[in-house]
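To start, the structure under review is shown below, and the notes come after it.
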2 protein chains.
Amino acid sequence: MSGTEPVRRTTRQRSAVLAVLDDLEQFRSAQEIHTELVRRGDSVGLSTVYRTLSALVADDDVDTLLRDDGETLYRRCHGETHHHHLVCRSCGATVEVDGPAVETWADRLAAEHGFDEVSHTLEIFGRCEKCRV
Amino acid sequence: MSGTEPVRRTTRQRSAVLAVLDDLEQFRSAQEIHTELVRRGDSVGLSTVYRTLSALVADDDVDTLLRDDGETLYRRCHGETHHHHLVCRSCGATVEVDGPAVETWADRLAAEHGFDEVSHTLEIFGRCEKCRV
DNA sequence: GGCTAGTTGAGAATGATTGTCAATCCCGGT
DNA sequence: ACCGGGATTGACAATCATTCTCAACTAGCC
């Protein structure tokens, strides 16, 4: 079903958002990305930032992360496959990690309890070396 | 530091919120809990619902869960210790699960990358038996 | 150069959550 | 039972991220 990715035109705004994402290594909120665009003098409407990010997520070009306060963070990821993140709470530095054992554990557990269509979220937060006092 | 839990008085409102939490087996949003209170004719101000839930979370009497859309869900849990949840996406039925291997894996991984003050979030979503078509 | 459907953006709307602050209530002391 | 004061409440405003609206704009194609 589908596979018919809706056509995405190449616009100045879309390119600008992608440029910011490519430059930033950390997870950033839509608001922060918008601010960065303004700072660069390459201003893009806030609505457009949200729309573009949603499209990128739908196309699996960007990863998302839900912060404790419910705000959504975005980041361009390198790994093609499913992976998790080890994120620094202060600076946002991110390490992509695999957790094959966790995946199978979660699936088996769910199956044992009669659940199907299983998915899971797993993120690790901490403080990286550079952010120690 | 601290240990001095601020005193919590016993009020009608606090009891009402706890009563609802005890009756419900699933994760529920603050808004839903507020609505349920009104339905019971045991109305409590929305601010108070939020305040009470925050206090309960601070006292480790209630567990929270962040839904995909960023809304916070609350539930009274039985396990004393740290645990995770297997939650049904349609009906909210919840199974409390342990994941000792995951804990150590996460901690070791974080340490290897020079992170400290590590915490993590892990929730499993699926569709329970009763909710199959 | 035009056509047209996808795209944009300013601002309004939504919805959860938090802040304000005067009125009210719990509870230990009396 | 009666006080007094600090904890608690609640109606409402304020905040904040995110989504919606819709007229104006533009990329890609003839």
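Remember, it's a predicted structure, so these values are computed and weren't measured experimentally. Quick note on labels: first sequence line is chain A, next is B, and so on, each numbered from 1.
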Of the options [options], whose atoms approach the side-chain atoms of [X] most closely?
| X | options | answer |
| --- | --- | --- |
| B:Tyr50 | C:dG11, D:dG10, C:dT17 | C:dT17 |
| B:Gln31 | C:dG11, C:dA16, D:dA27 | C:dA16 |
| A:Glu71 | C:dT17, D:dT18, C:dA10 | D:dT18 |

Distance check needed: [N] [atom2] versus [X] [atom1], whole Å only.
| X | N | atom1 | atom2 | value |
| --- | --- | --- | --- | --- |
| A:Leu46 | C:dA13 | CG | P | 17 Å |
| A:Arg12 | D:dC25 | CZ | P | 14 Å |
| A:Arg51 | C:dA10 | CZ | C1' | 11 Å |
| A:Arg9 | C:dG6 | CZ | C1' | 4 Å |
| B:Leu53 | C:dA16 | CG | C1' | 13 Å |
| B:Ile33 | C:dT17 | CD1 | C1' | 14 Å |
| B:Leu66 | D:dT18 | CG | P | 12 Å |

Five pairs at each end of the helix from C:dG1-D:dC30 to C:dT30-D:dA1: take the axis at both ends and give me the angle between them to 10°.
30°
The criterion is side chain to side chain donor-acceptor pair (under 3.5 Å); which residues satisfy it with B:Asp107, sequence neighbours excluded?
none
Any pair counted as ring-ring contact (aromatic ring centres under 6.0 Å, His included), so long as it reaches residues 22-68 of chain B, sequence neighbours left out:
B:Phe27-B:His85
Do [X] and [N] have a side chain to base donor-acceptor pair shorter than 3.5 Å?
| X | N | answer |
| --- | --- | --- |
| B:Thr72 | C:dA16 | no |
| A:Thr11 | C:dG6 | no |
| A:Arg14 | C:dG6 | no |
| A:Ser29 | D:dA17 | no |
| B:Thr10 | C:dC27 | no |

Identify the heavy atoms of B:Leu24 and B:Arg28 that sit nearest to each other, and give their distance.
CD1-CG, 3.6 Å
Taking atom types as modelled, is there a side-chain donor on B:His78 or B:Glu96 under 3.5 Å from an acceptor on the other?
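Per modelled atom types, B:His78 and B:Glu96 side chains form no pair under 3.5 Å.
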